[in-house]
Amino acid sequence: MLMPRIFSAAIMLIIFLSSMFLFSGRFFSFVIYIVSLLALYEWSKLLHFKSHEKNIFLVISLFFIYLIDNYLSYDDARSILIGASIFWICIAPLFLIYKIHLKNFFLSSLIGWMLVMPLIISLNYLIQLSPWAVLLVLATIWLADSGAYFFGKQFGKRKLAPSISPGKTWEGFIGALFVVSLFSITLTYFGFVNSYASILFFNLILLLSVEGDLFESYIKRMAKVKDSGDLIPGHGGVLDRIDSLCSSLPLATLILISPSFFGQII
């Protein structure tokens, strides 16, 4: 199981990095659109959409991606990112606390779009800023996952959310905070970022990424499945790979594209 996981991760990394650094931004957007549609397809399966509901959901999703790619203005994009940030800060925690079930097709579809469409907008804007901005944000989440895994394995005893994701521990979470803080201090010390305020910025990304991971774990537990899909050998589904990005990138992008308000970080 380890070798397929490593091989899949290497292939995904090559495709993603080459789309950012070696080819045009259009190719990067194309990769993001394909990944997003696959994630939305997995969402429709997790929520047990009927056949006709799934078709309607995916057709509307494709239409939304077309609008984002061709007609989305800066003000509209910013409003969507603000709405997504409010969702993750204020609304998503209510689902986790009160174990709200998604049984209504309209509400389930709306939340599926709230997960994925702002992610598309975020990545499109970040790649316009710089491929390095995308890489820094993603590296933060990857390091957080690695730190949480290592510290959780070595020291984990107290469960973070036992009814939602029994494998996550408070020790793993503290380890992730430590790794991300060390990462941001190192970046600032060597001049890759402009301010030690980046410590707060990167840890904010971490906190939201954990919430996204827990939210998807809750949806999977509700659907009684281990993974969102089986498309990626050793990794599960596409949604399993991007859940942390869905929750953290909208606010991170708002901060990075609004330096006059939030202060220049990168």
Side-chain angles (χ1 to χ4, degrees), residues 12-13 15-40 61-89 92 111-142 144 180 184 187 192-195 197-198 200-209 211-212 238-239 241-266:
M12 288 188 293
L13 193 61
I15 293 173
F16 198 74
L17 292 179
S18 62
S19 70
M20 283 199 300
F21 290 100
L22 300 181
F23 301 102
S24 69
R26 291 299 301 167
F27 183 66
F28 178 79
S29 295
F30 176 75
V31 170
I32 298 306
Y33 298 155
I34 295 298
V35 169
S36 299
L37 280 172
L38 290 171
L40 289 165
S61 299
L62 192 59
F63 178 66
F64 282 159
I65 291 174
Y66 172 78
L67 292 179
I68 289 171
D69 189 55
N70 292 280
Y71 297 107
L72 192 70
S73 68
Y74 174 83
D75 289 338
D76 290 338
R78 194 168 181 275
S79 297
I80 292 172
L81 294 179
I82 290 172
S85 300
I86 292 172
F87 171 81
W88 287 109
I89 293 170
I111 292 180
W113 293 322
M114 182 62 71
L115 263 66
V116 176
M117 297 305 165
L119 175 64
I120 296 174
I121 296 169
S122 297
L123 287 170
N124 279 342
Y125 269 88
L126 289 178
I127 196 67
Q128 291 175 33
L129 283 179
S130 168
W132 293 106
V134 180
L135 195 58
L136 275 177
V137 174
L138 297 186
T140 303
I141 295 172
W142 294 334
V180 169
S184 58
L187 289 176
F192 292 104
V193 296
N194 296 332
S195 168
S198 65
L200 296 175
F201 171 71
F202 288 121
N203 276 302
L204 178 62
I205 292 174
L206 162 65
L207 292 172
L208 288 170
S209 72
E211 184 186 4
V238 173
L239 201 55
R241 295 300 93 209
I242 68 169
D243 51 6
S244 299
L245 303 180
C246 291
S247 56
S248 58
L249 256 62
L251 186 56
T253 303
L254 277 174
I255 293 172
L256 293 177
I257 66 175
S258 307
S260 60
F261 182 79
F262 291 99
Q264 188 77 31
I265 293 175
I266 293 178

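From a predicted model like this one, the values you see are computed outputs, not experimental measurements. By convention here, the first residue in the shown sequence is residue 1.
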Those residues that, when tested against [X], pass side-chain contact (heavy atoms from CB on, under 4.5 Å) (two or more places apart):
X	value
Ser244	Ile141, Ser209, Asp213
Ser36	Ile32, Val116, Ile120
Leu135	Leu17, Met20, Phe21, Trp132, Trp142
Leu67	Phe63, Phe64, Tyr71

Under the rule for side-chain hydrogen bond (donor to acceptor under 3.5 Å, both in side chains), what residues qualify as partners of [X], not counting sequence neighbours?
X	result
Ser61	Trp113
Ser122	Thr253
Asp76	Ser73
Tyr125	none

Given side chains that start at C-beta, do those of [X] and [Y] come closer than 4.5 Å, heavy atoms only?
X	Y	result
Tyr74	Ile257	yes
Leu256	Phe201	yes
Ile127	Leu123	no
Ile205	Phe202	yes
Ile86	Ile82	yes
Ser198	Leu187	no
Ile80	Ile68	no

To the nearest 0.5 Å, how far apart are [atom1] in [X] and [atom2] in [Y]?
X	Y	atom1	atom2	value
Ile255	Leu200	CD1	CG	9.5 Å
Ile65	Asp69	CD1	CG	9.0 Å
Cys246	Phe87	SG	CZ	10.0 Å
Ile242	Leu119	CD1	CG	5.5 Å

With side-chain contact (heavy atoms from CB on, under 4.5 Å) as the criterion, how do Leu115 and Ile111 come out once you've worked through the C-alpha distance, each side chain's angles and the decisive distance to 0.1 Å? CA-CA 6 Å; Leu115 263 66; Ile111 292 180; 3.7 Å; yes

Does any N or O in the side chain of Ser247 come within less than 3.5 Å of the main-chain N or O of Leu208, such that one atom is a donor and the other an acceptor? yes

Considering all heavy atoms, the nearest Ser29-Asn124 contact: OG-OD1, 3.0 Å

For Leu138 and Leu245, which heavy atoms make the closest approach, and how far apart are they? CD2-CD2, 3.2 Å

After noting the C-alpha distance and the side-chain angles of Leu251 and Trp88, does the key distance pass the side-chain contact (heavy atoms from CB on, under 4.5 Å) rule? CA-CA 9 Å; Leu251 186 56; Trp88 287 109; over 6 Å; no

